[in-house]
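Below: the structure, in structure tokens.
Source: prediction; values computed, not measured. Letters A, B, ... mirror the listed sequences (proteins, then strands); counts begin at 1. No hydrogens, no waters, no symmetry mates; every other heavy atom, side chains included, goes into these values.
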2 protein chains.
Amino acid sequence: MKGKPTSFDIAYRAGVSQATVSRALRDSPLVSEDTRRKIKAIAKEINYKVDKHASSLRRQQAETLAVLLFEDPTSDDSLINPFFMSMLASITRSCARAGYDLLISFQQLSDDWHADYQDSHKADGLILLGYGDYLTSESKLSKLAEQGTHFVRWGPSVPGQAGLTVGCDNVQGGRLLTEHLIRQGRKRIAFIGDASLHCPEFLDRHRGYVDALKAARLKPSADLLVTAADSTEQVGHAAMATLLARGKPFDAVFAASDLIAIGAMRALSERGMRVPDDIAVVGFDDIPMASFTNPPLTTVLQDTRLAGELMVATLINLIEKKRPAENAMLPARLIIRRSCGASLVATANVKPGR
Amino acid sequence: MKGKPTSFDIAYRAGVSQATVSRALRDSPLVSEDTRRKIKAIAKEINYKVDKHASSLRRQQAETLAVLLFEDPTSDDSLINPFFMSMLASITRSCARAGYDLLISFQQLSDDWHADYQDSHKADGLILLGYGDYLTSESKLSKLAEQGTHFVRWGPSVPGQAGLTVGCDNVQGGRLLTEHLIRQGRKRIAFIGDASLHCPEFLDRHRGYVDALKAARLKPSADLLVTAADSTEQVGHAAMATLLARGKPFDAVFAASDLIAIGAMRALSERGMRVPDDIAVVGFDDIPMASFTNPPLTTVLQDTRLAGELMVATLINLIEKKRPAENAMLPARLIIRRSCGASLVATANVKPGR
DNA sequence: GATGCTGATGAAAGTGCTGTCATTGCGAGC
DNA sequence: GCTCGCAATGACAGCACTTTCATCAGCATC
């Protein structure tokens, strides 16, 4: 046999028409059980697979999703937020389970990637990861939505937004961590992050932090708020240096991400300060690294597996219109390790430091 | 306009035939400069993109590559070897640059994924990551090769292998690390890894280790060899426990991967042993985590960016047959941090512990 | 004036599949 | 015996492109 086998080859061998082959392979009820079995057997024997392009062209759908992962243009390849990576793993699996293929592309936020995937019919829908600030990119997203492109974004949902989002309850996460620190007897808890609209996740985490402080009749202080716009170790290190330079006393630090927390801990240890004895530190994300730091980092787990599954499910609902698709918010889960100064023995809900 | 625009829409607007539109958009020399410009302008205006499926069907090529990432079925989602992740980033970029799309799929080694991608014309070629032991899967690979599937594998090249490989010079890396430890005055260097054929990378690293010892007139001792078949933190921790339990003296440990090294360091620190003062530790891979451990891990960098680029380039050469495609081996690069006990000041070629 | 050439274009076949419509064979119902 | 219905199948028209082959005008050559 020359070239890849086609449905005609099977039809010839089975002594039926090519149309019947197509029907049999798609499990149409229009073919008899006998014929179906015969055709499937032959298909298997000659290693036949339905041609993706012909099928997609005819049916006008790609059965493919695309993940666009946006990254900070300055960041090092090797430092891609591991958080997105574990989400990616979950997405690939959910896609496969749903019978969709998955295209992947790493994009710069500045790129004009618009609609390429859907316009060219490469993908039926888009998953947007790391899209950053919703506000500054709103116009792009509304344009996408206008064109009828199906997409789901990871991040907090914003009133009036274009498209759907799946996100984590950052307010709750912030509250959990702060409450936990307060329970450990910490009174002066600094916050490293960004309380502006620039990063809505950080904003929500900060809101949870403030909520918890107020509930405990503690006052959030501007002295203990340091801006860290990016989620990198370097930024965390610098922010901690800034905080220390202010000379205001504090006994705990809430870093808006694990990477920031890791950088902050490095700054502390360089100055001979002990975590958690002198300063308790907590992060956010539960990246794999968090359990290997010294001390292991108390943080909040965003369930990446569930997140990936939900994003895929939501997107497919959007595409197939069989079920309604809506925004989703995942609960945050406190992961207590040693950096917060808790005694592990007494605490429930513990994920060990491995 | 209803539905996505097609090349006929453009043809109509431009007052030319549809064939001319197709030619113009593919920059065929057969159309005049004027016509081409006009057509491209219209295409841009109505946001037209060539339909991927129609084009692929007609041209019988997908302009798509697929990455199959094989993973240990037992491993946690969040612990996907970060090493492959940074490679993945590089692969996505190289693909995009070459005008190929990239499909991604996480596979269990046991899955019968064979040829699905190429048989169904989803992809023109395969990139195999984490394929593990070549020997046990040789039959699958030869079958692939027989069917004419183009693929490139990450890993050491094996004589008589099916398909092409891009890999890192693991022997050289092992030698570099061991020589470095010896230069620091370490005499009894343990090896945690697997010196069997099960994992060819580990085997090669061990070979480099033995080479370096012999060159320094030191004797590799079976007492100081511990098997660690998988590259995980847990396995490293257990292996170190085994080594310590033997009670044989040693002053350094060569872990066959960073994750193993991190586990080993945890085991040491649990027993109150100091790294590097009591025991020097080195790893292999330079995963992002390696610079954040305490102390930061001395290791060998495999240039994932270059690796990704090379794999894509090799695969495309294979597909397009324009240039010869051949196996490639990347040089290993020593990254000196603190876990080996070197004084950083005196040493060249240092990547700081950040 | 016939021929050949050249550069640009159009017509049309083909790519492999899916879904609609037509056809066939056969048993039931009248 | 004839129609009707039904189940199973076949014929065929796309789907949106790419590419081969044919056409054609314009110009040069003899």
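For the pair B:L129 and B:M311, the minimum side-chain heavy-atom distance is below 4.5 Å.
At least one side-chain nitrogen or oxygen of A:S7 sits closer than 4.0 Å to the OP1 or OP2 atom of C:dC17. OP1 or OP2 of D:dG10 lies within a sub-4.0 Å distance of a side-chain N or O belonging to A:T20. One finds a side-chain N or O of B:S17 lying less than 4.0 angstrom from the OP1 or OP2 phosphate oxygen of C:dG10. Phosphate contact (OP1/OP2 of C:dG14, side-chain N/O of B:Q60, threshold under 4.0 Å): absent. Phosphate proximity of C:dA8 to B:S32: absent, as no side-chain N or O sits under 4.0 Å from OP1 or OP2.
Heavy-atom minimum distance, A:C168 versus A:Q302: CB-OE1, 3.1 Å. Of all non-hydrogen atoms in A:Y48 and A:S7, the two that sit nearest each other are CE1-N, 3.6 Å.
Across the protein-nucleic acid pair, B:R26 atom CZ and D:dA16 atom P stand 17 Å apart, rounded to whole Å. Regarding A:Y12, its OH atom lies at a distance of 18 Å from the C1' atom of D:dG10, rounded to whole Å. Rounded to whole Å, the distance from CD on B:Q61 to P on D:dC17 is 16 Å. Following rounding to the nearest Å, B:D51 (CG) and C:dT15 (C1') show an atom-to-atom distance of 13 Å. Computed from coordinates, the B:L30 CG to D:dC21 C1' distance equals 12 Å when rounded to whole Å. Rounded to a whole Å, the CZ atom of A:R59 is 18 Å from the C1' atom of D:dA13. Note: NZ (B:K4) to C1' (D:dC15) measures 16 Å, nearest angstrom. Distance NZ (A:K52) to C1' (C:dC17): 14 Å, rounded to an integer number of Å.
Listed nucleotides C:dC17, C:dT9, D:dC17 differ in distance to B:V50; the shortest reach to its side chain belongs to D:dC17. Across C:dC17, D:dC12, D:dC17, the shortest atom-to-atom separation from the side chain of A:A19 is found for D:dC12. Which of C:dC17, D:dA11, C:dA12 sits closest to the side chain of B:Q18 comes down to C:dA12. Nearest to the side chain of A:L57, among D:dC15, D:dT9, D:dC12, sits D:dC15.
In this model, no donor atom of one side chain and acceptor atom of the other lie less than 3.5 Å apart for B:E326 and B:N317.
Classification of the B:H53-A:H53 ring pair by plane angle, with boundaries at 30° and 60°, yields tilted.
In terms of modelled atom types and a separation under 3.5 Å, the side chain of B:Q147 and the main chain of B:L144 share no donor-acceptor contact. Side-chain N or O atoms of A:T165 include none that pairs as donor or acceptor with a backbone N or O of A:R153 at under 3.5 Å. Panel note: side chain B:T64, backbone B:A123; no donor-acceptor pair is recorded below 3.5 Å.
Within the 4.0 angstrom heavy-atom criterion, only backbone atoms of the sugar-phosphate kind lie near B:V16; the bases stay farther away. B:T35 comes within 4.0 angstrom of sugar-phosphate atoms only, judged by non-hydrogen atoms across all strands, and of no base.
One donor-acceptor pair, N or O on each side, does fall under 3.5 Å between the base of C:dT20 and the side chain of A:R23.
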Can you give me the N/O atom pairs linking the protein to nucleotides 23-25 of chain D at distances under 3.5 Å, or say none if there are none?
none

